[in-house]
Amino acid sequence: MSQASSHTAASPAAHALPSYLQADHLGPWGIYLQQVDRVTPYLGHLARWVETLKRPKRILIVDVPIHLDDGSVAHFEGYRVQHNTSRGPGKGGVRFHQDVTLSEVMALSAWMSIKNAAVNVPYGGAKGGIRVDPKTLSSGELERLTRRYTSEIGIIIGPSKDIPAPDVNTNEQIMAWMMDTYSMNEGATATGVVTGKPVDLGGSLGRREATGRGVYTVGVEAARHLKLEVRGARVAVQGFGNVGSIAAKLFAEAGARVVAVQDHAGTVYSEAGLDVPALMFHVKQTGSVAGFAGAQALVADAFWDVPCDILIPAALEGQITRANAGRIQARLVIEGANGPTTPEADDILRDRGVLVVPDVIANAGGVTVSYFEWVQDFSSFFWSEEEINARLVRIMQEAFAAVWSVAQDKQVSLRTATFIVACTRILHAREMRGLYP
Ligand code: GLU
């Protein structure tokens with residue numbers, strides 16, 4: 001029996017879970033189940049409801065057939081998982097990636113439940129995805145894929161049911177197509193069905209930068225507790241998309257030195273600090289950080305040995321593992337990505353005195369401004385960027401402070417502290433609502 005399944009079977013609250021919910025390997029869903037088991041002893045009487053968190057409320061698997069440009073038909077597998085809706089409608093992004101699996105989407109949907117509760121926005125958690133490499137599709141194929149997928153999941157999404165948003169490889173244009181497809185099927189323009197839309201279509205100012213800004217905001221708070229001066233601190237960033245590039249830019253503007261950046265195609269290093277706006281321009285032109293002039297190219301694995309004070313994993317899950325956690329030089333890890341650190345690596349970092357600000361708080365800035373967008377769409381009244389950023393920073397700082405004090409009080413990691421705060425909110429809502437019928 002694998003480690004993960006024996007772990008799940010040992011959980012006191014676990015009844016026989018359906019096979020697809022069991023962790024037969026330590027994939028993302030198995031990692032999430034471990035995290036829930038770690039928090040259960042801290043949930044008091046609410047632990048009786050913890051099984052709720054181990055079973056997504058609703059899982060939809062859809063076939064997404066499209067005409068390719070050459071006239072042939074291709075089929076893709078799509079998902080939308082609504083993990084929990086006790087505190088409000090489902091909320092979470094849609095990912096287009098060749099490695100998307102049901103286990104991954106289930107875990108990502110569960111992490112959305114935790115994240116939304118941690119920053120106290122009135123949502124449950126959901127996530128969607130299509131197993132596809134969008135780089136292999138033309139713009140027309142991508143549009144047809146997005147529209148057919150939206151139509152297929154249209155039976156469970158809606159402004160008061162479940163609200164998708166961008167995630168890995170999805171963007172404002174894809175949100176515009178999703179909004180349009182849903183609206184066409186409904187016979188009325190429903191801007192509130194997705195967030196992360198273009199500003200001219202009911203999107204919010206500041207949404208594009210929000211996740212990176214939130215990463216930066218909690219990073220500054222965590223650094224203060226560590227007495228780590230941000231000015232002059234060396235920062236290494238993995239992933240240079242919407243999250244990593246903005247976080248890097250804000251740290252650089254605050255006087256930090258962004259010494260290393262890694263993306264899917266390359267790793268660049270400069271002891272003196274990379275010119276972040278120039279790197280962003282290079283990525284816009286070429287699609288990757290590889291080949292950036294004025295920086296040293298490193299082999300991918302050397303990224304983990306880079307001398308740095310702050311490490312920001314902002315790419316995909318499962319990046320910081322038993323294999324590299326012992327080599328990381330940073331004192332502070334801020335998880336811009338969802339699920340970048342395995343539980344084993346979490347323990348190694350803790351034992352080495354490295355502070356990890358977990359994904360479920362660190363990258364919650366995106367969904368926080370998604371919430372602002374949704375509120376603005378409902379009221380058809382739009383706020384200034386200053387107001388949005390000020391509210392975002394306040395929410396992130398308050399959420400971080402609350403989690404920090406629980407971590408101190410109970411002598412647990414920030415991840416477990418965030419899970420304590422979030423699971424308590426979710427399960428309290430669950431208990432108050434009661435079982436239907
Ligand atoms: N995909 C983002 C996340 O993982 C944002 C989700 C949203 O705005 O709903 O948090």
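All ligand and atom numbering here is 1-based and tracks the order in the structure.
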Exercise. Counting heavy atoms not belonging to Arg208, are there more than 12 under 6.0 Å from its CZ?
Worked result: no
Problem set entry | Greater than 12 external heavy atoms within 6.0 Å of Phe281's CZ | no
Could you identify the single nearest non-hydrogen protein atom to [atom] and state the distance to 0.1 Å?
| atom | result |
| --- | --- |
| atom 9 (O) of ligand 1 | Lys91 NZ, 2.7 Å |
| atom 3 (C) of ligand 1 | Lys115 NZ, 3.3 Å |
| atom 5 (C) of ligand 1 | Arg207 NH2, 3.5 Å |
| atom 8 (O) of ligand 1 | Ser370 OG, 2.5 Å |
| atom 7 (C) of ligand 1 | Ala165 CB, 3.3 Å |

For this session: State, without any angle test, whether His97 and Asn169 hold a side-chain donor-acceptor pair at a distance under 3.5 Å.
Result: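 No, Asn169 and His97 have no side-chain donor paired with an acceptor closer than 3.5 Å.
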Proximal atoms of ligand 1 relative to [X] (non-hydrogen, under 4.0 Å):
| X | result |
| --- | --- |
| Asp167 | 1 (N), 2 (C), 4 (O) |
| Lys127 | 1 (N), 3 (C), 4 (O) |
| Pro166 | 1 (N), 2 (C), 5 (C) |
| Met112 | 3 (C), 4 (O), 6 (C), 10 (O) |

Problem set entry | Side chain Arg131, main chain Gly78, donor-acceptor under 3.5 Å |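 Not a single qualifying donor-acceptor pair exists.
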Exercise. So, Arg87 side chain and Val121 main chain: donor-acceptor pair closer than 3.5 Å or not?
Worked result: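 The answer is yes, because a donor-acceptor pair under 3.5 Å joins these two groups.
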Exercise. For Asn363, is at least one N or O under 3.5 Å away from an N or O on ligand 1?
Worked result: no
Problem set entry | Ile163-ligand 1 polar pair, N/O distance under 3.5 Å |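 The answer is no, given that Ile163 and ligand 1 share no N or O pair closer than 3.5 Å.
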Problem set entry | Mode of Asn338 contact toward ligand 1 - side chain, backbone, both, neither (heavy atoms, under 4.0 Å) | side chain
For this session: Would you check if Trp374 and Pro89 make a side-chain contact, meaning some heavy-atom pair closer than 4.5 Å?
Result: yes
For this session: Could you tell me the separation between the CZ atom of Arg331 and the CG atom of Leu311, rounded to the nearest 0.5 Å?
Result: 14.0 Å
For this session: Give a yes/no verdict on whether any heavy atom in Arg95 is under 4.0 Å from an atom of ligand 1.
Result: no
For this session: Have a look at Gly90, Ser109, Gly93 and point out the one with the heavy atom closest to atom 6 (C) of ligand 1.
Result: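 Among Gly90, Ser109, Gly93, the closest heavy atom to atom 6 (C) of ligand 1 comes from Gly93.
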For this session: Identify whether the distance between the nearest side-chain nitrogen and carboxylate oxygen of Lys197 and Asp377 falls below 4.0 Å.
Result: yes
Exercise. If every non-hydrogen atom of Val194 is compared with every non-hydrogen atom of Ile163, which pair is closest and at what distance?
Worked result: CA-CG2, 3.7 Å
